[in-house]
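Here the structure comes first, spelled out in structure tokens, and everything after it is commentary.
Just so it is clear: chains get the letters A, B, ... in the order the sequence lines come, proteins before strands, and each one is counted from 1.
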Amino acid sequence: MLESLQDRLGRVVKTLRGEGHLTEYHIDNALREIRLALLEADVNVDVVRRFTSAVRERAVGKEVLSSVTPAQMVTKVVHDELKHLLGDSTTELSFKGRPAVVMLVGLQGSGKTTTAAKLACWVRDKKRLFPLLVPADTSRPAAREQLLVLGKQVNIPTVDTRELDDPETIARKGLREASIKGYQVLIFDTAGRLHVDDELMDELERLKTILKPQHILFVADAMTGQDAVRSAKAFHERLDVSGVVLTKLDGDARGGAALSVREVVGRPIVFAGIGERTDALEQFHPDRMAGRILGMGDVLTLVEKAQEVVDERKARRLEERLKKNAFDLEDLRDQLRSVRKMGPLQQVMDMLPGMGKMMPAGGIGEGQERTLMRMDAIICSMTPKERRHPQILNGSRKKRIAKGSGTSVEEINRLLRQYGQMRKLMKRLGKTNPRTLKRQLGIQ
Amino acid sequence: MARTMLEKLKKGLFMTHTEFLEKVGETFRRSGPVAPEQLDGLEDALIAADTGVELSLRLTDELREEVRSGRISSAEELRPAVRTRLLDLLRSTAEDAGEVTTGSPRITMLVGVNGTGKTTTAAKLAKRRREAGRSVLLAAADTFRAAAVEQLRVWADRLDVPLVHQAEGADPAAVVFDAIAAARARGIDEVIVDTAGRLHTRTNLMKELEKVRKVAEREVEGAPHEVLLVLDATTGSNGIEQAKRFGATAGVNGVVLTKLDGTAKGGVILAIAEGLGLPVRWVGVGEAADDLLPFDAEEFVDALLELS
């Protein structure tokens, strides 16, 4: 995410470092780099102009000159300004009304339908409310089937609207269904449309009148270029959008659209879409995003993720077992799985400060993830007895496991060797401080 | 004559580009000697059209140099100079657009990131090809996205074109294999393959695409004859990265620029043409089956620089 912007500003800040005092010449140099970096990151030209002049205004003043470390000061100014532009604080959606209605709008292909399913999962799993999905994209062929399939996949009730050909009728049906059956949050997926299409924009206005949505979320593709400003503005003017969902942020797009849309709409970016899985929806954190842009890394998100995947009970059990020096292959599997649950390794790496720069361009995640998967497969192909007592693994057992897991005996031996080393290490550490150890193992 | 690209572009795309038009307009409308802020304005205008920072800076720097050296002496000469440069960029790629076809059926693969319009383009392209007198078969190799097969089936029914598909989650390479076999059995000329959208950063998914390509290569001589990157006109600089990565794994040899009926200018194709030499073959200008037009560099650039 935003690697290049990060790198680029990193370089600017580096050249500023080591300077005794900050002159206007330095600021101008930094600003030029910042301008180009932001433009390359697809931030809108006009937004960039306003941004750099705001930074300049603050940077040239006393604020910086009186400071001891000018580079830090400039970084801070840029960071604050970026954060400010992105929205200062995290906005968490709340839901009021029976049902609370959320309407998803946006251009074709921005990811509304996928977001609808993800949002429904979020409402159910994080908010503990009952969501109802209402597919109302009547123009793209099979769009409603798509949401029905997704709804079924994640077990979220979805109204079958395939027989209806008018979004307004669908809206009424959805509302009726929600109030009869007591669903708390109605998520309404609309057809993608161009903001220059008056007829379809009128339709959205009519839908808004019927649905009286609590939230109208504008779904925007993070890869969008300069045009992001125009489409966001048009949707906002017609509908008074209440928030933005930024999708496809798991790619390598620098995501300047985030800054542009945010500035034009003036409403918070509430979610970031970070993958095709239905749980790949994160709350958008402006402060973290700004920090990330500046190469400070996204440690907070990482920590949060780790906390989410590490099962407290399992961690305690692990602690017990470590004390007794009874760590077996089943425990190892739990550990491997919690590492994998944190998501693609590349994604995890990107959140670490400075890691973005150290990664080779192609990314490293896939190979290591494969290894993790193969290790998991090996352990899964063992009998419970073998997992608890790996010492009984002989040649013929290993052959069987290799066959069952689609791996090789060498790989099994490698795994066992690693396991042996881990055990040895634990034995030593286990005697000292199990609490630290838990942390080291649980939250890697 | 059917709608030309220019008409459609003028109507949909550029009439609404007020900011952009103003900027370019300001730059070109003046007469007399070239003022520095005119060139700055041009630079901004090019960037605002998603032409990319590097290319925009280079183009304007070149023009600055020409002004300095006196080769461009008045503001009236700016426009033709920009026009020529943009055209040169696009023309340098336009060659060998010929339909060299060895082996049969002729295979066209559509690839790209999520949500650019591959499925819709597959349908439109099928219609185009059939209108050119070829028999066509659609292959639903997007086995990942929920109901993607359904979407293509609706199109196939509408257009009355045969469709080869398998269950969701099936191996896309197997779908292509089947499609080729089916096309051969029925004596069909063309197979158009709709693939799943994937971010170019996903190594494993890109490998999958490579496999699809290999199956086509193995089954038909000279296949896949065309691998078209479907690119959303609203895409910013990331389009270059997309073209690079899809080019490397899927062997992209052309671009379809979709959603040009909005306000996006699709300037990223200029950067792609410059950096990778990939020609644009088609532009998508709407949701109807007829809304796919052959790309015309001259019309595109003229529309881009159109002032009225």
Best-contacting candidate, [options], against chain B by heavy atom pairs under 4.5 angstrom:
options                                : value
A:Thr114, A:Val149, A:Leu194, A:Val48  : A:Leu194
A:Gln226, A:Glu276, A:Arg144           : A:Gln226
A:Pro141, A:Ser110, A:Ala228, A:Gly111 : A:Pro141

Given heavy-atom pairs under 4.5 angstrom as the criterion, report whether the side chain, backbone, both or neither of [X] touches chain A.
X        : answer
B:Leu152 : neither
B:Thr235 : both
B:Val149 : neither
B:Arg153 : neither

Side chains of [X] and [Y] in contact at under 4.5 Å (non-hydrogen atoms):
X        : Y        : result
B:Leu86  : B:Leu270 : yes
B:Ile269 : B:Asp50  : no
B:Arg64  : B:Glu43  : yes

**Prompt:** Which one, B:Glu241, B:Arg145, B:Glu150, leads in non-hydrogen pairs under 4.5 Å with chain A?
**Reply:** B:Arg145
**Request:** Find the one option among B:Gly239, B:Gly197, B:Ala146, B:Ser56 whose heavy-atom pairs under 4.5 Å with chain A are most numerous.
**Result:**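 Most heavy-atom pairs under 4.5 Å with chain A: B:Ala146.
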**Request:** Not counting sequence neighbours, which residues clear side-chain hydrogen bond (donor to acceptor under 3.5 Å, both in side chains) with A:Asn155? List them please.
**Result:** none
**Prompt:** Roughly how far, to the nearest 0.5 Å, is the CH2 atom of B:Trp155 from the OG1 atom of B:Thr121?
**Reply:**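 Rounded to the nearest 0.5 Å, the OG1-CH2 separation comes to 10.0 Å.
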Is there a donor in the side chain of [X] and an acceptor in the side chain of [Y], or the other way round, less than 3.5 Å apart?
X        : Y        : result
A:Asp227 : B:Thr234 : no
B:Asp142 : B:Thr195 : no
B:Asn238 : B:Gln242 : yes

Please classify the contact between [X] and chain B as side chain, backbone, both or neither, with a heavy-atom cut-off of under 4.5 Å.
X        : value
A:Arg140 : side chain
A:Arg193 : neither
A:Leu147 : neither

